[in-house]
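Read through the structure below, which is laid out as structure tokens, and then see the notes.
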Protein chains: 2
Amino acid sequence: MELIYVDNNATTRPAPQVFEAIKPYLTDLYFNPSSMYEPARSPAHAITRSRETVAKCIGAGDARQVLFTSCATESNNTALLGTAQANPGRRHVITTVVEHPSVLEVCKELERRGLQVTYLSVDRHGNLDITEFVKALRPDTLLVSIMHANNETGVIFPVEQLSRITKETDPAIIFHTDATQSMGKLPIDLQGDFQHVDLLSFSGHKLHAPKGVGALFIRKGTPCRPWMFGGHQEGGRRAGTENVAFIVGLATALDLAVSRREEDHLYLRSLRDRLESALAEQIPAMQINGQGAPRLPNTLNVACHYIEGESILYRLDEHGICASSGSACTSGSLDPSHVMLAMKVPFTAAHGSVRFSLSRYNTPQHVDRIIQVFPGIVASLRKLSPYWDHENDRPRKDASTLLGQNPGTH
Amino acid sequence: MELIYVDNNATTRPAPQVFEAIKPYLTDLYFNPSSMYEPARSPAHAITRSRETVAKCIGAGDARQVLFTSCATESNNTALLGTAQANPGRRHVITTVVEHPSVLEVCKELERRGLQVTYLSVDRHGNLDITEFVKALRPDTLLVSIMHANNETGVIFPVEQLSRITKETDPAIIFHTDATQSMGKLPIDLQGDFQHVDLLSFSGHKLHAPKGVGALFIRKGTPCRPWMFGGHQEGGRRAGTENVAFIVGLATALDLAVSRREEDHLYLRSLRDRLESALAEQIPAMQINGQGAPRLPNTLNVACHYIEGESILYRLDEHGICASSGSACTSGSLDPSHVMLAMKVPFTAAHGSVRFSLSRYNTPQHVDRIIQVFPGIVASLRKLSPYWDHENDRPRKDASTLLGQNPGTH
């Protein structure tokens, strides 16, 4: 049975070119890049080159603005805790209810440290309300942290517009975006459309580099204190011996993704759209989460009313199809996703969401296979559901009422 | 020209077995260990197995006490900042002047946050004064952080004794040790001799795993707040998608090191001792730093009076010999090492220290070659020195006075 991996928003297969680029730094070129002898120049130069490559890919200009970290979670922690430390005079942060846990949990930590956090809501399509955002900006606002694209739905936020409004309101407010899901998939130009973004996080493992490396763009002049103390690595902003191999891997993977971006975008969108239409056509009482918003080309999040996403995923797994119900960082939890709750997905469907996230390694045959098995899985699970009208293949008219009376059984 | 790498306290070559163990997780087994489908069980189990292996190697008992991090610097930051956050009632920390920057710089940060830090001195051999240590313990002492073995000199501190005294004085004082240099080289048993150690840091890249992974032992019940917020990874104590490949690499490398420890210890000590005796015999006015203290078997730190360590290293590099003057984390600095200063190495030699640190990959031929070239390098540099009595091959009688008058030329 061929494995069909369609959970690329959780993690991705390292590209073969990336593995080849990494390999020398795990074997012969193992020297500490801080060492002074000649053989250590090779890993030191590899880091310099990687930094320049990343800077070029995100339009950063001066490459010294790119900091390598161990993951996007570290980048987000550094961005939020570092700016809070550097600016004790401002005590208000704005974020959204649908951020990744690595932003939301840091916001909770900031609240424990006495800061105030405004959590912007989203509508049922997953869109932000710009008016609500403008109203949230305050004279004591320190930081705005709004993700570029959502990991669960793929919904894209207008970071260009939000960061411009922020700076027009008060140039001292720092604007951070978690671009972990969009990096390599959407154009990002920190001297162009993203010129008002001060801090930008992303990781390697969402774009075909390994797990264990990330980056943080810190625009020159942005007050952000170091978060990890020790040696002089990364210009004194991030101590610790550099993960040379994976820094090279991140740069190689990003360069590859950016060079293929338009081609991959069209390819992924065509696969995703075909999957979306086929499932929508064949499955009754299914909603597409984020359909009314701009979305990443690779992401499809569907919610099937009256069945559990976990049950669907279990059946998909039996067919060798790897998908997920949301963030891998919260999997195992029995609560509906915070993103589904924020989008007010009806409670009859909030537990039934399934995310397919594609990569360039997916083939049309993968999509065919999903189209072949997914509707059958949904139908068979509904056969077991007391809320389903089997005769007419639709929810029982009293299903909502029944469910409301038995929330424990849902 | 064969490369002779004798800077293994800076970083090490990944063992071939380690590279082989890592490889699958950079290729086919790339799944996110938090995912629920069947193929993700393999990386999830790999982390579990690695945690158990590490726990076994350090005598930790319950493997849940082992936390994987991105490097020893992160482990040290987590240990020190995490305990300070968790115990706001205690405001005093004890450490030593010869710690690695990843402890010293965090101590400076704690001072900026209002804590008091006592820095214990060492004698000219690099030993601590136990009486001074006992006197430093206070009713408000939060944490003792004392390294196991020094990176520059290899001098070993009596962590067993120091941690026992700490707990006998006040069981609520937390004892942390940075075991980055000793791990795999000295026996460490957290249920035996190290039973009073609460927190223990180390990294992979000093023991033939790659750069980019470390670990922190946190004894059950030790109050230490998480330091990186986000997903539920590592039992909620360290958010961020796990670097599965390097976690496997760390465990493989440690297991290998521990299984060969006694054999490697004898081998390294015999190589080191031969190098030490030969150099001491051939080079006048050379001192062996840390000679009067227990030392790691692989480390030799020598100081040649009246010449610059940097010049020696440059010449060694021309012969394909990679050594260093101290920590790679501070290389490039023109100041004498803080460890040499703390040991009151005379100023005529403080700039002249050279560290040779061996690994199991060094051969007797490597040592022969160093013995062959090093004395000649020292002699030729001294020929250029105005402080050297060339006729009698010893320092000029007025060298100290001359140097004292011209500190700028030193």
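This structure is a prediction, so every number in the text was calculated from the model and none was measured. Residue numbers begin at 1 in each chain, while the letters A, B, ... track the order of the sequences.
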_Straight-line distance of Cys322(A) SG to Asn32(B) CG, nearest 0.5 Å_ = 11.5 Å

*In sequence, state the C-alpha distance, the side-chain angles, and the governing distance for Met36(B) and Tyr314(A), and then conclude on side chain to side chain contact (heavy atoms under 4.5 Å, CB included).*
CA-CA 8 Å; Met36(B) 305 298 281; Tyr314(A) 183 77; over 6 Å; no

*With only heavy atoms counted, which part of Glu318(B) is less than 4.5 Å from chain A, the side chain, the backbone, both or neither?*
neither

_Contact class of Thr12(A) relative to chain B, heavy atoms under 4.5 angstrom_ = backbone

*To the nearest 0.5 Å, how far apart are OG1 in Thr27(B) and CZ in Phe19(A)?*
6.0 Å

*Non-hydrogen atoms of chain A under 4.5 Å away: do they reach the side chain of Ala323(B), the backbone, both or neither?*
backbone

_Under 4.5 Å from any heavy atom of chain A, what part of Asp28(B) do you find: side chain, backbone, both or neither?_
both

*If you measure from SG on Cys71(B) to CD on Gln233(A), what distance do you get to the nearest 0.5 Å?*
8.5 Å

*Of the backbone (N, CA, C, O) and the side chain (C-beta and beyond), which part of Glu38(B) lies under 4.5 Å from a heavy atom of chain A, both, or neither?*
both

_Testing the basics here: between Glu105(A) and Gly230(B), what is the closest heavy-atom pair and its distance to 0.1 Å?_
CG-O, 3.3 Å

*Any chance you could measure Tyr37(A), atom OH, to Ser324(B), atom OG, to the nearest 0.5 Å?*
6.5 Å

_Evaluate Arg112(A) against Gln85(B) for side chain to side chain contact (heavy atoms under 4.5 Å, CB included), listing each step before the verdict._
CA-CA 12 Å; Arg112(A) 287 190 289 267; Gln85(B) 283 264 337; over 6 Å; no

*Are Tyr30(B) and Tyr5(A) an aromatic pair by the rule of ring centers under 6.0 Å?*
yes

_Looking at chain A, which one of Ala245(B), Pro226(B), Ser70(B) has the largest number of heavy-atom pairs inside 4.5 Å, strictly under?_
Ser70(B)

*Test Met228(A) against Ser102(B) for side chain to side chain contact (heavy atoms under 4.5 Å, CB included), laying out the working first.*
CA-CA 8 Å; Met228(A) 202 143 106; Ser102(B) 60; over 6 Å; no

*When only pairs under 4.5 Å are counted, which of Ala72(B), Pro210(B), Ser203(B), Ala239(B) shares the most heavy-atom pairs with chain A?*
Ala239(B)

_Taking side chain as everything from C-beta outward and backbone as N, CA, C, O, which of these in Leu26(B) sits under 4.5 Å from a heavy atom of chain A? Side chain, backbone, both or neither._
both

*Go through the atoms of Asn243(B) and report whether side chain, backbone, both or neither lie under 4.5 Å from a heavy atom of chain A.*
both

*Side chain, backbone, both or neither: which part of Leu3(B) has a heavy atom under 4.5 Å from chain A?*
side chain

*Of all of Glu242(B), Lys211(B), Lys108(B), which one pairs up most often with chain A through heavy atoms under 4.5 Å apart?*
Lys211(B)

_Top contributor to chain A interface from Thr11(B), Val213(B), Asn77(B), Ile22(B) [non-hydrogen pairs under 4.5 Å]_ = Asn77(B)

*asked:* Heavy-atom cut-off 4.5 Å, strictly under: side chain, backbone, both or neither for Glu99(B) against chain A?
replied: neither

*Give, as side chain, backbone, both or neither, the part of Thr69(B) having an atom under 4.5 angstrom from any heavy atom of chain A.*
neither

*Of the backbone (N, CA, C, O) and the side chain (C-beta and beyond), which part of Phe31(B) lies under 4.5 Å from a heavy atom of chain A, both, or neither?*
both

